[in-house]
Amino acid sequence: MRMSHLFGRTLREAPGDVELPSHRLMLRAALIRPLGAGIYSLLPLGWRVVRKIEQIIREEIDAIGGQEMLMPVVHPADIWRESGRYQAVGPELTRFQDRSERDMVLAMTHEEIVTDLARQEINSYRQLPMLVYHIQTKWRDEPRSRGGLIRVREFTMKDSYSLDLDDAGLDVQYRNHWQAYERIFRRVGLDFVVVGADTGMMGGTASHEFMALSPYGEDIVLICSNGDYADNREVATFAREAPGDEAPLPLDEVETPNATTIQALADYLDIPLSRTAKAVFYKGDSGRFVFVVIRGDLEVNETKLRKATGEGGFTPASVEEIRAIGAEPGYGSPIGVRDAVIVIDESVRDSPNLVAGANRVGWHTRNTNPGRDYAPDIVADIAAAEAGFPCPKCGAPLTAERAIEVGNIFKLGTRYSKMLGAEYLDAEGMSHPIFMGSYGIGSGRVSATVVEQHHDERGIAWPASVAPFDVSLLWIGGSEDTAPREAADALYDELRAAGIDVLYDDRPERAGVKFNDADLIGNPIRLSVSARTLERGEAEIKLRTESESVFVPLAEVVPTVQGMLAQLLLALSGD
RNA sequence: CGGGGUGUGGCGCAGUCGGUAGCGCGCGGCGUUUGGGACGCUGAGGUCGGAGGUUCGAGUCCUCUCACCCCGACCA
């Protein structure tokens, strides 16, 4: 590609309101342009990157038996009604009507469609297992998009779907995807961890996320410093200390003026936070009042609470609502409240004689004990894991890291096949639901994440596997000496003839402009010729990630570049 | 959806007390220059996000509205 004809020019300055390095650099390097909030065009350079990423994905999914296909972006609403998601999913699912006023939706994922196809195409156990996938546009009307391609509303995703006889078959395909995903993310040059995750709106029985570590990540992962445990903070657990063996002491009300926070209470009574019971009040989506009790040194994890209660979500309860159940904000106690679901964390079950509120202003109660003093409706792990907490496997301290979710694998089980009636007949002629799995990678998000992990103050430094071009070629010199330009023209032809992708900066620009653009766009190899190099019949070759360059005779440029590329790619090989 | 912010030429920005819309970069032409974002001359490009209002007069004041960005809520 000749830069003089490249569609999309580089920007010296990015729009002032962008924050993330990847967002800024992808705009400046002419990879993407915004159309609306969370909606982007991929310019030729950006599209080349995404296509390379998708090709790597394709190769690895094909290698585990995937069959590529293509499913529609627009779905009749009925199929989503069948799965129950038409009702269950909020406004991020865009609903509209066609000209005949039929309800339609824009695809945000394709479980329903695969399941519908499976019930038509799969009849016999002889046809399973099966793995299908496509790389296709998704629309999710996020409440808030952010950060360029990191979080968008319209995006392209590779989603694959496995179909199996039983749970054991699903296990195999799940593991296959796990390994394929590890190869994919290694090949594109990402530093990542795999963590256990919540299944969220997908439903199903298990889920793992592939998390690229980045200070700009939206998720927090907890990782054991020994390397034997990693989970998304949404589901992360930690080693709990053994239950206290103190004998229960009698309840004892104590005056605690102005101690409306746990910290104030602990300070006033001169006790550690872990000797207090904190009351947290929620209103569940179902309308139930959820009264949470957790030890004062811990925080509530709402994802865990959602699972424990079966509520879809929570809003903080108002002062009026709290008083209506007989509790007092700031001095809340589960003792004596009515019309509330009482949920206690395991920490409260296992810690005798905690100080709780007394449900009247200015007073707390010592020595509260669930079971004796009040009856919890639910006892569960609803505590948020934090950095420094002990690993649930080995007890070593956990670390917390920010991360970007680049891939996600789900065991759906029979959640969709049962609802939509996707069944097969076994050898005895008995009907069984198909076991399904669902596996996604956002290719655009991967491209932005690679930029987050591979850039410096000058621009992007693409891993060779996904760079828009292998080589940035440029000539330096004035208009009167045509030799550099002619030498570069010749190299351009030679390199292309050898199958190397070249971005040729053939513009009559000064050296600084060309060098800066080459650094900004970030192809892995920079090749330059000038009067100075031609004096010795040489070209200059520099890796984007190195500060030193090498000089090679013109005749050796192609094999040298080929060797360098092979080496760069080898370092990124998935194995 | 809550909180905050920004909308002025392609990009970055200035515009005071309400008085004929500017600067830098970029873009076209000519010339000089030519190894890390050159210089001179010259030129094109703006219904100041939109609507309504106040005023002799609105980029500037008021009301409404739209868009985008950031934080949160939410989210695979």
Side-chain angles (χ1 to χ4, degrees), chain A residues 8-20 23-24 27-28 30 33-40 85 89-93 107-111 138-148 150-153 155 157-159 197-204 207-211 216 218-219 232 234 285 302-303 306 312-316 404-410 412 438-442 445 458-459 474-482 484-485 505 507-520 526 528-535 539-540 542 547 549 551:
Chain A
R9 61 176 67 248
T10 57
L11 307 175
R12 289 201 184 185
E13 293 173 286
D17 51 13
V18 309
E19 299 283 322
L20 295 203
H23 190 191
R24 190 173 62 246
L27 287 169
R28 285 194 56 213
R33 291 290 181 258
L35 179 63
I39 310 175
Y40 284 86
R85 287 161 118 190
V89 178
E92 59 269 28
L93 176 65
M108 57 190 297
T109 174
H110 283 78
E111 282 76 15
K138 303 288 181 286
W139 171 260
R140 297 186 187 179
D141 196 358
E142 295 286 340
R144 183 178 162 224
S145 55
R146 64 178 282 266
I150 294 289
R151 180 172 206 76
V152 289
R153 295 193 293 169
F155 60 101
M157 183 163 94
K158 184 289 298 175
D159 37 328
D198 183 40
T199 50
M201 74 152 187
M202 305 293 290
S207 166
H208 285 85
E209 292 169 337
F210 291 72
M211 292 293 206
Y216 291 97
E218 299 186 273
D219 289 277
N232 192 307
E234 291 176 345
D285 279 357
E302 287 191 18
T303 304
R306 214 153 47 207
F314 303 95
T315 47
I404 301 167
E405 179 193 336
V406 287
N408 196 316
I409 57 179
F410 291 93
L412 299 173
S438 148
Y439 316 86
I441 295 178
R445 182 184 283 185
R458 301 193 146 277
L474 55 95
W475 57 269
I476 298 159
S479 49
E480 79 292 344
D481 179 8
T482 57
R485 174 164 209 153
D505 195 342
R507 301 171 302 173
E509 292 287 350
R510 297 166 66 89
V513 172
K514 294 188 179 184
F515 285 145
N516 279 305
D517 272 347
D519 287 343
L520 175 61
R526 190 188 79 194
S528 40
V529 290
S530 66
R532 231 163 67 185
T533 71
L534 290 177
E535 262 174 38
E540 175 186 354
K542 184 183 158 304
S547 51
S549 46
F551 293 84

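Reminder, nothing fancy here: chain letters follow the sequence lines and each chain counts from 1.
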### Query
Does the side-chain ring of A/F410 lie flat on the base of B/rA76, meaning centres under 5.5 Å and planes less than 30 degrees apart?
no
### Query
Okay, side chain of A/R140, backbone of A/E92: is any donor-acceptor separation there less than 3.5 Å?
no
### Query
Going 5' to 3' along nucleotides 22-29 of chain B, which nucleotides have protein heavy atoms under 4.0 Å from the base (write B), which only from the sugar-phosphate (write S), and which from neither (write -)?
--BSS---
## Note on the structure
Per-nucleotide protein contact along nucleotides 68-74 of chain B, 5' to 3', at a 4.0 Å heavy-atom cut-off (B base, S sugar-phosphate only, - neither), is SSSBBBB
### Between P of B/rG12 and CZ of A/R28, the distance in whole Å
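It is 12 Å, rounded to the nearest whole Å.
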### Task
Starting from C1' on B/rG35, measure out to CG on A/D505 and report it in whole angstrom.
13 Å
### Task
Would you please name every residue forming a ring pair (Phe, Tyr, Trp, His ring centres under 6.0 Å) with A/Y216, sequence neighbours left out?
none
### Query
What nucleic acid atoms does A/R33 come within less than 4.0 Å of, heavy atoms only: base, sugar-phosphate, or nothing?
nothing
#### Entry: Side-chain ion pair, A/E540 and A/R526, N-O less than 4.0 Å
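A salt bridge links A/E540 with A/R526.
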### Message
Checking base pairs now: Watson-Crick or wobble, both atom distances under 3.5 Å. What partners B/rA67?
### Response
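The base-pairing partner of B/rA67, which may sit in any strand shown, is B/rU6.
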### Message
Taking donor-acceptor contacts at under 3.5 Å, does the side chain of A/R526 reach the base of B/rG36?
### Response
yes
### Message
Quick check: closest heavy atoms across A/R24 and A/A14, and the distance to 0.1 Å?
### Response
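Scanning both residues, the minimum pair turns out to be CG-CB, 3.3 Å.
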